[in-house]
Visitor: 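My questions all concern the structure below.
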Amino acid sequence: MNLSDPIADFLTRIRNAARAKHKRAVMPASNMKIAIAEILKEQGYIVDYTRVEASPRDELHVVMRYYEGRPSFTEIKRISRPGLRSYSSAQSLPRVRNGLGIAIVSTPNGVITDKEARRANVGGEVICTVW
């Protein structure tokens, strides 16, 4: 299946798995998806992820995190899309829920959170927001 926006598909699969209270979500793997999953794990939104080698394409298994039966995040939203890219400087990066959430940003330093990007004084493409 040819997807025009694989990152949006990744975020939608995580969102749908959380709403359905699944223990894990399975999707095709890519380096960008793994970088985003690493940030979600570091920030405590998911428990873990693993890359499983499969044919014809590797899979990414994301283990969901719940607290008292509710997902650890309220909303996960795609910001920059293939049809409308969203770039921000370090000073104009979005603050998600006044600092309670995170924005995931693709920078020259790699895929990092908005707080790390401000600290390093680098801007980039705002991939998504999570809170």
Side-chain angles (χ1 to χ4, degrees):
M1 181 176 190
N2 189 7
L3 296 173
S4 63
D5 191 1
I7 303 302
D9 178 63
F10 167 75
L11 298 174
T12 300
R13 287 179 191 228
I14 289 177
R15 189 181 318 112
N16 289 345
R19 286 184 181 157
K21 300 203 180 346
H22 290 294
K23 292 183 180 178
R24 64 186 172 104
V26 179
M27 62 218 65
S30 73
N31 290 336
M32 177 64 89
K33 292 176 191 176
I34 289 172
I36 295 170
E38 179 63 32
I39 290 175
L40 293 175
K41 178 183 174 183
E42 287 173 1
Q43 298 296 317
Y45 292 110
I46 63 173
V47 175
D48 200 10
Y49 67 92
T50 55
R51 183 180 193 143
V52 177
E53 295 198 19
S55 179
R57 186 172 172 128
D58 292 354
E59 292 180 343
L60 182 63
H61 293 231
V62 176
V63 181
M64 308 301 292
R65 179 183 301 271
Y66 298 95
Y67 178 73
E68 294 180 355
R70 299 181 72 178
S72 60
F73 57 87
T74 304
E75 181 180 279
I76 186 165
K77 184 177 179 184
R78 178 80 156 126
I79 301 298
S80 184
R81 309 177 279 127
L84 181 62
R85 298 290 183 184
S86 176
Y87 297 95
S88 293
S89 65
Q91 295 77 26
S92 64
L93 285 170
R95 291 195 190 278
V96 181
R97 295 291 179 179
N98 204 18
L100 294 176
I102 63 167
I104 299 176
V105 185
S106 178
T107 68
N109 298 352
V111 179
I112 56 177
T113 65
D114 59 326
K115 294 171 184 118
E116 293 169 352
R118 275 192 214 91
R119 204 172 305 121
N121 198 29
V122 293
E125 182 180 0
V126 181
I127 298 171
C128 66
T129 58
V130 184
W131 66 274

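Residue numbers start at 1 and run along the sequence shown. All of these numbers come straight from a predicted model, not from anything done at the bench.
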Visitor: Excluding sequence neighbours, so at least two apart, what forms side-chain contact (heavy atoms from CB on, under 4.5 Å) with D9?
Guide: L3, R13

Visitor: Starting from Y87, walk the hydrophobic network (Ile, Leu, Val, Met, Phe, Trp, Tyr; side-chain heavy atoms closer than 4.5 Å) and list everyone else you reach, by chain and number.
Guide: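 In the cluster with Y87 there is nothing else; it is isolated.
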
Visitor: Which residues pass the side-chain hydrogen bond (donor to acceptor under 3.5 Å, both in side chains) test with Y49, not counting sequence neighbours?
Guide: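 Residues passing side-chain hydrogen bond (donor to acceptor under 3.5 Å, both in side chains) with Y49: E38.
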
Visitor: Would you mind listing every salt bridge (Lys or Arg N to Asp or Glu O under 4.0 Å) that reaches into residues 90-116, with sequence neighbours excluded?
Guide: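 Listed by first then second residue: D114-R118.
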
Visitor: With a sphere of 6.0 Å drawn around NZ of K77, does it hold more than 12 non-hydrogen atoms of other residues, nucleotides or ligands?
Guide: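 Open.
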
Visitor: Under a single-linkage rule joining Ile, Leu, Val, Met, Phe, Trp and Tyr whose side-chain heavy atoms are separated by less than 4.5 Å, which residues share a cluster with V47?
Guide: V63

Visitor: Residues in side-chain hydrogen bond (donor to acceptor under 3.5 Å, both in side chains) with R51, at least two apart?
Guide: D58

Visitor: Can you sort out the partners of S92 under side-chain contact (heavy atoms from CB on, under 4.5 Å), two or more places apart, ordered by chain and number?
Guide: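 With neighbours one apart ignored, the set is S88, S89.
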
Visitor: Tell me, please, which residues at least two apart from K41 pass side-chain hydrogen bond (donor to acceptor under 3.5 Å, both in side chains).
Guide: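 If we apply the side-chain hydrogen bond (donor to acceptor under 3.5 Å, both in side chains) test to K41, skipping adjacent residues, the hits are D48.
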
Visitor: Show me the donor-acceptor pairs, under 3.5 Å and distance only, between side chains in residues 124-131 and residues at least two apart or in other chains.
Guide:
unit_1	atom_1	unit_2	atom_2	d
E125	OE2	S80	OG	2.6
E125	OE2	R85	NH1	2.9
W131	NE1	E75	OE2	3.3

Visitor: Holding to side-chain contact (heavy atoms from CB on, under 4.5 Å), I want the full list of residues that pass it with V26, two or more places apart in sequence or in another chain.
Guide: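 With neighbours one apart ignored, the set is R24, E59, H61.
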
Visitor: Please write out which residues are connected to Y67 in a hydrophobic cluster, directly or through intermediates, given that two of Ile, Leu, Val, Met, Phe, Trp, Tyr count as joined at side-chain heavy-atom separations below 4.5 angstrom.
Guide: none

Visitor: How would you list, by chain and number, every residue that makes a side-chain hydrogen bond (donor to acceptor under 3.5 Å, both in side chains) with R119, sequence neighbours excluded?
Guide: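 R119 satisfies side-chain hydrogen bond (donor to acceptor under 3.5 Å, both in side chains) with no other residue.
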
